[in-house]
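To find a chain, count down the sequence lines: A is the first, B the second, and so on, and within it residues start at 1.
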Amino acid sequence: MAPRVRFAPSPTGYFHVGSARTSLFNWLFARQTGGTFVLRIEDTDAERGRPEWLDGIISAMAWLGLDPDEGPFHQSEAEPRHRAIADALYGAGYLYACECTREEIDARTHENATPGYDGFCRDRAVTRTTQTALRFKVPASGETVVDDVIRGQVVFPHDSMDDFVAVKSTGHPLFALANAIDDRDMGITHVIRGEDLLPTTPKQLLMWAALDEVDAPVELPLFAHLPMLVNEQRKKLSKRRDPVAVESYRDQGFLPDAFVNYLSLLGWSPNGDSEIVDRATIVDQFRLDEVHHAPAFFDVAKLTHLNGEYIRKLSSSEFLECARPWVDPAKAQWTPEGTEPPWPAEHFDEAVFAEMAPLIQERVAVLGEIPAMVDFLFLPEPPFDEAAFTKVIANDERAEGILLKAIEVYGSCEFDAEALHVATAALGEALGHKLRIAQAPIRVAVTGKSVGPPLFESLAVLGRDEVLRRLEGALRRAER
RNA sequence: GGCCCCAUCGUCUAGUGGCCUAGGACAUCACCCUCUCAAGGUGGAGACACGGGUUCGAAUCCCGUUGGGGCUGCCA
């Protein structure tokens with residue numbers, strides 16, 4: 001039977017990198033085995049879900065190329081069935097009514113010092129009302145063994161498990177119930193999810209066995225718990241402190257293939273000698289049972305490096321296309337949030353950018369770095385980096401001579417990159433300067449910065465008149 | 001507190017009893033290349049948490065210790 005896996009996020013906020021990893025590993029397993037990848041939205045907690053969050057999940061998955069074969073299904077739509085099954089479970093004695101409030105439980109816990117439900121109502125035959133929750137009666141003795149694909153057998157003694165709530169007092173079915181029912185109904189064969197769910201697994205196994213009694217028996221899926229993704233403090237990635245929104249990585253200019261490649265390296269590694277591997281290779285080589293056991297630090301520095309490799313591998317036309325949202329958003333398919341080009345849209349010149357692009361392509365690690373690297377091409381008065389201006393022009397007595405000489409030479413020389421290179425080297429030499437010294441004030445005068453793409457190509461693209469204008473402008477500025 | 005998981009360079013990992021004086025990648029340092037910055041090249045520093053076993057032989061198997069993490073909701 002072909003495997004069926006599901007990615008079952010609850011729509012609480014933006015798409016989390018941990019979710020992306022879980023989703024990816026499910027997707028990889030499905031693609032590799034010829035199985036089916038199902039997307040199920042666990043939206044049973046109506047108070048917390050919001051429609052736009054669902055859109056966020058779907059668009060982020062699409063961006064990463066994690067296409068579901070089925071879904072999105074909404075768990076909330078199966079609520080009538082969940083309620084019916086809950087009634088059956090209650091009727092068969094697997095669930096019992098509990099009238100304890102959280103406060104009462106906490107008060108008793110204080111005395112016992114062991115958190116969790118104490119089974120107060122378990123044998124009191126409380127009548128089921130709109131004030132009572134339904135709890136699952138965990139066997140008093142024995143143990144439940146989770147046979148995990150990644151970790152092997154994990155044993156949970158029943159006396160360490162409390163009687164968890166399956167149905168709220170409102171009648172609303174909870175994760176512990178709905179999740180198991182849906183996995184059964186959808187014929188899920190492999191549950192691949194984060195390790196944080198491992199402690200709930202024995203409860204779901206118990207639930208599964210009970211469901212086998214009140215509903216048609218279904219074969220238990222295999223479980224695989226992926227190691228956590230952690231921050232530098234080795235704590236589970238948190239929405240509050242850590243940069244975990246997949247959307248923000250897209251907006252910064254990470255490439256989906258690079259992001260997927262990086263994510264795949266967290267807990268898994270390719271067979272070959274390179275860790276730059278395309279999707280097909282990952283699908284082919286991925287082995288669920290070889291996934292590493294230990295938590296992995298989500299290292300943005302390494303992600304960034306990998307992204308740079310992917311950017312450099314792009315063809316020229318691909319790079320142009322990828323760059324468009326950052327340089328010419330009006331003509332792009334989508335626009336990165338929170339950033340826009342520093343130049344007025346009408347000043348952008350596609351041909352000029354295309355000419356410089358190959359030089360930019362090998363200098364950026366994320367696409368979001370592009371605008372700052374080419375702003376001088378589209379800004380009539382590019383802002384000066386004051387520190388650079390002061391250092392190489394205002395406070396360097398060599399600058400004036402170089403700039404004056406450059407104005408003289410550039411006024412008549414050929415204006416292509418190679419000729420400018422030769423001319424600049426020559427004018428520097430005439431003044432007794434190495435090219436590295438001679439180019440510095442020219443670069444700052446023309447681009448406003450001390451670092452950037454190769455100077456002579458930049459000058460050629462800008463054109464003689466504009467270059468002369470800026471050189472003179474810098475000179476005047478230095479006199480002030 | 002209880003239950004559970006985990007443990008190779010700072011980080012991600014290779015390693016499945018001898019091929020390991022532990023390999024690669026990121027980060028870092030030095031040098032080379034060089035019009036700046038990148039990229040690239042070369043080289044350096046850098047790890048099997050600890051203690052017991054098992055074995056002719058242990059990073060690899062077992063036990064313990066220590067350390068880290070997760071869960072402990074009428075959230076998922």
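- Among the nucleotides B/C5, B/C74, B/A27, the one closest to any side-chain atom of A/A301 is B/A27.
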Which is it for A/F319 and A/Y310 under the ring-ring contact (aromatic ring centres under 6.0 Å, His included) test, yes or no, and what are the steps along the way?
CA-CA 10 Å; A/F319 177 71; A/Y310 271 81; over 10 Å; no
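- Between A/K302 and the phosphate of B/C12, there is no side-chain N or O to OP1/OP2 separation shorter than 4.0 Å.
- When rounded to the nearest whole Å, the span between CG of A/L266 and P of B/A14 equals 12 Å.
- In this model, the phosphate group of B/C74 is approached by a side-chain N or O of A/R102 to a distance below 4.0 Å at OP1 or OP2.
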Could you check A/T132 against A/C98 for side chain to side chain contact (heavy atoms under 4.5 Å, CB included), going step by step and ending with a plain yes or no?
CA-CA 5 Å; A/T132 57; A/C98 169; 5.9 Å; no
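- Looking at the side chain of A/D196, the nearest of the listed nucleotides B/C35, B/G70, B/C5 is B/G70.
- Following rounding to the nearest Å, A/N261 (CG) and B/C12 (C1') show an atom-to-atom distance of 12 Å.
- Between the side chains of A/D43 and A/Q75, no donor-acceptor pair is found at a separation under 3.5 Å.
- Taking atom NE2 on A/H421 and atom P on B/U34, their separation rounds to 10 Å, with Å as the unit.
- Searching all strands for a Watson-Crick or G-U wobble partner of B/A22 with both distances below 3.5 Å returns nothing.
- Taking atom C1' on both B/G15 and B/A59, the two are 8 Å apart, rounded to the nearest angstrom.
- Note on A/E369: nothing from the nucleic acid sits closer than 4.0 angstrom, heavy atoms only.
- A salt bridge links A/R128 to A/D87: one of the charged nitrogens lies within less than 4.0 Å of a carboxylate oxygen.
- The residue A/G428 sits apart from the nucleic acid: no heavy atom pair falls under 4.0 Å.
- The nucleotide B/A7 finds its pairing partner in B/U66, both defining distances of the Watson-Crick or G-U wobble pair being shorter than 3.5 Å.
- The phosphate of B/G24 (OP1 or OP2) has no side-chain N or O of A/S269 nearer than 4.0 angstrom.
- To the nearest whole angstrom, the two P atoms, one in B/U13 and one in B/G2, are 30 Å apart.
- At the phosphate of B/U72, neither OP1 nor OP2 sits under 4.0 Å from any side-chain N or O atom of A/K203.
- Across all strands shown, B/U54 forms no Watson-Crick or G-U wobble pair with both distances under 3.5 Å.
- Distance, A/E290 CD to B/U13 C1': 13 Å, rounded to whole Å.
- For the P atoms, the distance from B/G23 to B/A14 is 15 Å, rounded to whole Å.
- If A/P454 and A/T101 are placed on RNA chain B by their nearest nucleotide, the residue sitting closer to the 5' end is A/P454.
- Remark: P of B/U13 and CZ of A/R287 are 18 Å apart, rounded to the nearest angstrom.
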Would you check, one step at a time, whether the test salt bridge (charged side-chain N to carboxylate O under 4.0 Å, His left out) holds for A/R83 with A/E79?
CA-CA 6 Å; A/R83 286 177 182 258; A/E79 187 172 331; 2.8 Å; yes
Determine, step by step, whether A/N307 and A/Y262 satisfy the side-chain hydrogen bond (donor to acceptor under 3.5 Å, both in side chains) criterion, reporting the C-alpha distance in whole Å, the side-chain angles of both residues, the deciding distance to 0.1 Å, and the verdict.
CA-CA 9 Å; A/N307 200 61; A/Y262 177 67; over 6 Å; no
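- Residue A/P199 places its side chain closer to B/G70 than to any other of B/G70, B/C35, B/A76.
- The number of heavy atoms from other shown groups lying within 6.0 Å of CD (A/E143) is above 12.
- Taking the P atom of each, B/G10 and B/G46 are spaced 11 Å apart, rounded to whole Å.
- Residue contacts for A/A440: at a heavy-atom cut-off of 4.0 Å it reaches no nucleic acid atom on any strand shown.
- No engagement by A/V167 is indicated, since no non-hydrogen atom pair under 4.0 Å with the nucleic acid exists.
- Here A/K236 reaches the OP1 or OP2 of B/C71: one of its side-chain N or O atoms lies under 4.0 Å away.
- Side-chain proximity of A/V165 to the nucleotides B/C6, B/C4, B/C74 is greatest for B/C74.
- When the shell of 6.0 Å around CG of A/N395 is examined, it contains more than 12 heavy atoms from other residues, nucleotides or ligands.
- Across all strands shown, A/F164 has no heavy atoms under 4.0 Å from either base or sugar-phosphate atoms.
- One donor-acceptor pair, N or O on each side, does fall under 3.5 Å between the base of B/C74 and the side chain of A/S169.
- With both ends at atom P, the span from B/C61 to B/U8 equals 13 Å, rounded to whole Å.
- Using a 4.0 Å heavy-atom cutoff across all strands shown, A/L197 reaches at least one base atom of the nucleic acid.
- Between the P atom of B/A47 and the CZ atom of A/F297 lies a distance of 20 Å, rounded to the nearest Å.
- At least one side-chain nitrogen or oxygen of A/R234 sits closer than 4.0 Å to the OP1 or OP2 atom of B/C12.
- Using a 4.0 Å cut-off, some side-chain N or O of A/H292 falls inside it from OP1 or OP2 of B/A14.
- Among the heavy atoms of the strands lying under 4.0 Å from A/G116 are primed sugar atoms or P, OP1, OP2 only; no base atom is included.
- In this structure, A/F156 reaches the sugar-phosphate backbone alone: every heavy-atom distance under 4.0 Å involves primed, P, OP1 or OP2 atoms, never a base.
- Regarding contacts with the backbone of B/U36, a side-chain N or O of A/R436 is found under 4.0 angstrom from either OP1 or OP2.
- Distance check on atom C1': B/C62 versus B/U55 gives 12 Å, rounded to whole Å.
- Between A/E362 atom CD and B/U36 atom C1' there is a gap of 14 Å when expressed in whole angstrom units.
- Here A/P453 lies in heavy-atom contact (under 4.0 Å) with a base.
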Go through the steps for A/F175 and A/T44 under the test side chain to side chain contact (heavy atoms under 4.5 Å, CB included), then give the verdict.
CA-CA 8 Å; A/F175 168 80; A/T44 56; 5.6 Å; no
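- Residue A/R135 places at least one side-chain N or O closer than 4.0 Å to OP1 or OP2 of B/C74.
- At the heavy-atom level, A/K235 lies under 4.0 Å from the strands shown only through sugar-phosphate atoms.
- Across B/G41 and B/C33, the matching C1' atoms stand 8 Å from one another, rounded to whole Å.
- Taking the C1' atom of each, B/U65 and B/A7 are spaced 13 Å apart, rounded to whole Å.
- Nearest to the side-chain atoms of A/A296 among the listed nucleotides B/U13, B/C4, B/C6 stands B/U13.
- Aromatic rings from A/F25 and A/F37 are positioned such that their centres are separated by 6.0 Å or more.
- Within the 4.0 angstrom heavy-atom criterion, base atoms lie near A/E275.
- Position along RNA chain B of the nearest nucleotide to A/R151 versus A/T200 favours A/R151 as the more 5'-ward residue.
- Across the protein-nucleic acid pair, A/Q439 atom CD and B/U34 atom C1' stand 11 Å apart, rounded to whole Å.
- The side chain of A/R312 places an N or O atom within less than 4.0 Å of a non-bridging phosphate oxygen (OP1 or OP2) of B/G40.
- In this entry B/C75 has no Watson-Crick or G-U wobble partner, no candidate having both defining distances under 3.5 Å.
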